[in-house]
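For reference, the structure discussed in these notes is given below.
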Amino acid sequence: MGFLKNMHERRIAADQEARVDQPVVITIARDYGAEGHEIGKMLSVELGIPLYDNELLVRSASRAGEALDKVAEYDERMAAEFMAFLPDRVDSRTLSDKLFKSMSQVIVDLAATRSCIIEGRLSDYLLRNSPNHIAVLVTAPFDERVEIVRAKRGLDKRAGAKLVREMQHAREAFYKRYSAGKWKMTDGKDLVVNRAKLGRQGCVDVIAAAYRFKLSELDQVKTGAEQR
C-alpha cells in the first residue's frame with residue numbers, strides 16, 4: 001500500500017513539475033458585441049503579453065500556402081456570412097477547412113511557446129487539455145450587445161439586433177462545425193465575465209487576477225520541486 005502511495009505521489013509531483021515548463025495561456029471566446037477584442041487588447045497591455053488574433057491569419061496563411069489578402073478576405077466573409085458553413089457553399093467550406101487546420105496548428109504551437117492571449121478560432125477547445133490554460137468567455141445581455149454594436153456602427157436598433165443575431169450565429173456555427181458538435185462557446189470556461197456589469201476595465205481586472213494567481217501557483221510548484 002505504501003509503495004502504491006509513493007508511486008501516486010511521485011506521479012503527481014512529475015505532472016506538477018511538467019506544468020512549470022508550460023506557459024500560461026488565456027483564450028478569449030466572445031459573444032458578438034460584448035467587446036471581447038477590446039478587452040483582449042487592454043489585457044495584453046495590462047499583463048505585458050502578446051494578443052494573437054489577426055496575426056494568426058498571417059501565420060496560418062504561410063502554412064496553408066495561401067496569399068494573405070485571400071485569407072483576410074475570406075476571414076471577413078466567414079465572419080459576416082454564417083451561410084458559408086452550409087453544404088451548398090463548397091468553395092467556402094473547402095478553404096475554411098484548409099485554413100482551420102492551419103490555424104489550429106498555429107494555436108497549439110503558440111500555446112506551447114510563450115504566455116499569450118489567443119482570441120477566438122476555437123482556441124479554447126483546441127487547448128482544453130493544456131494544464132496552464134485559462135479559458136474565458138466575454139459576454140453581455142443581448143440588448144446591451146445590440147446597443148454597443150448599434151452605437152459603433154450607426155445602426156438603428158432593429159438593424160443592430162439583426163447583425164448581432166447573425167454574427168452570434170456564425171460564431172456558434174463555427175464552434176459546432178469544427179468541434180464536430182462536441183463543444184459550445186459556453187463549454188469548459190474557467191471564467192465568464194459580463195462586460196455590461198463589470199465594464200471593460202473590470203473584465204480586464206478579473207482575468208488579470210486569474211492569470212497572476214496561476215503564475216503564483218506555478219512558482220510555488222517550482223519552489224517545492226527545487227526543495228525536494
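This structure is a prediction, so every number in the text was calculated from the model and none was measured. The basis for the numbers below is simple: all heavy atoms, side chains too, and nothing from hydrogens, waters or symmetry mates.
- By the rule that hydrophobic residues join a cluster once side-chain heavy atoms approach within less than 4.5 Å of another member, Leu122 and Val192 end up as members of one cluster.
- Contact check for Ile134 versus Val24: side-chain heavy atoms found under the 4.5 Å cut-off.
- Screening residues 25-36 for salt bridge (charged side-chain N to carboxylate O under 4.0 Å, His left out) gives Arg30-Glu119, Glu35-Lys152, Glu35-Arg195, Glu35-Arg200 as the qualifying pairs, with residues at least two apart or on separate chains.
- Remark: Lys176 NZ is loosely packed, at most 12 non-hydrogen atoms of other residues, nucleotides or ligands lying under 6.0 Å away.
- For the pair Ile117 and Ile49, the minimum side-chain heavy-atom distance is below 4.5 Å.
- Among residues two or more places apart in sequence or in another chain, the ring pair (Phe, Tyr, Trp, His ring centres under 6.0 Å) test is passed with Tyr211 by none.
- Using a 4.0 Å cut-off between charged nitrogen and carboxylate oxygen, Asp53 and Arg121 count as a salt-bridge pair.
- Smallest separation of non-hydrogen atoms from Lys182 and Asp187: O-OD2, 4.0 Å.
- The number of heavy-atom neighbours closer than 6.0 Å to CZ of Phe142, taken from other residues, nucleotides and ligands shown, is above 12.
- With a 4.5 Å cut-off on side-chain heavy atoms, Leu110 and Pro50 do not count as touching.
- One finds a salt bridge joining Glu217 and Lys214 here, because a Lys/Arg side-chain nitrogen approaches an Asp/Glu carboxylate oxygen to under 4.0 Å.
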| request: Assess whether salt bridge (Lys or Arg N to Asp or Glu O under 4.0 Å) is satisfied between Glu38 and Lys41, documenting all intermediate values. | output: CA-CA 5 Å; Glu38 290 82 351; Lys41 289 193 293 185; over 6 Å; no

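- Within the structure, the ring pair (Phe, Tyr, Trp, His ring centres under 6.0 Å) test picks out the following pairs touching residues 113-132 (sequence neighbours left out): Tyr125-Trp183.
- The nearest pair of heavy atoms linking Leu191 to Val206 is CD1-O, 4.2 Å.
- Here the closest heavy-atom approach between residue Leu43 and residue Ala208 is recorded as CD1-N, 3.9 Å.
- In summary, Arg171 and Glu166 do not engage in a salt bridge, as defined by a charged side-chain N under 4.0 Å from a carboxylate O.
- A salt bridge links Lys189 with Asp124: the closest approach of a Lys/Arg side-chain nitrogen to an acidic carboxylate oxygen falls below 4.0 angstrom.
- Considering all non-hydrogen atoms of both residues, Gln22 and Ala112 come closest at OE1-CA, 4.4 Å.
- Tracing side-chain contacts under 4.5 Å through hydrophobic residues (I, L, V, M, F, W, Y), one never reaches Ile148 starting from Leu137; they form parts of separate clusters.
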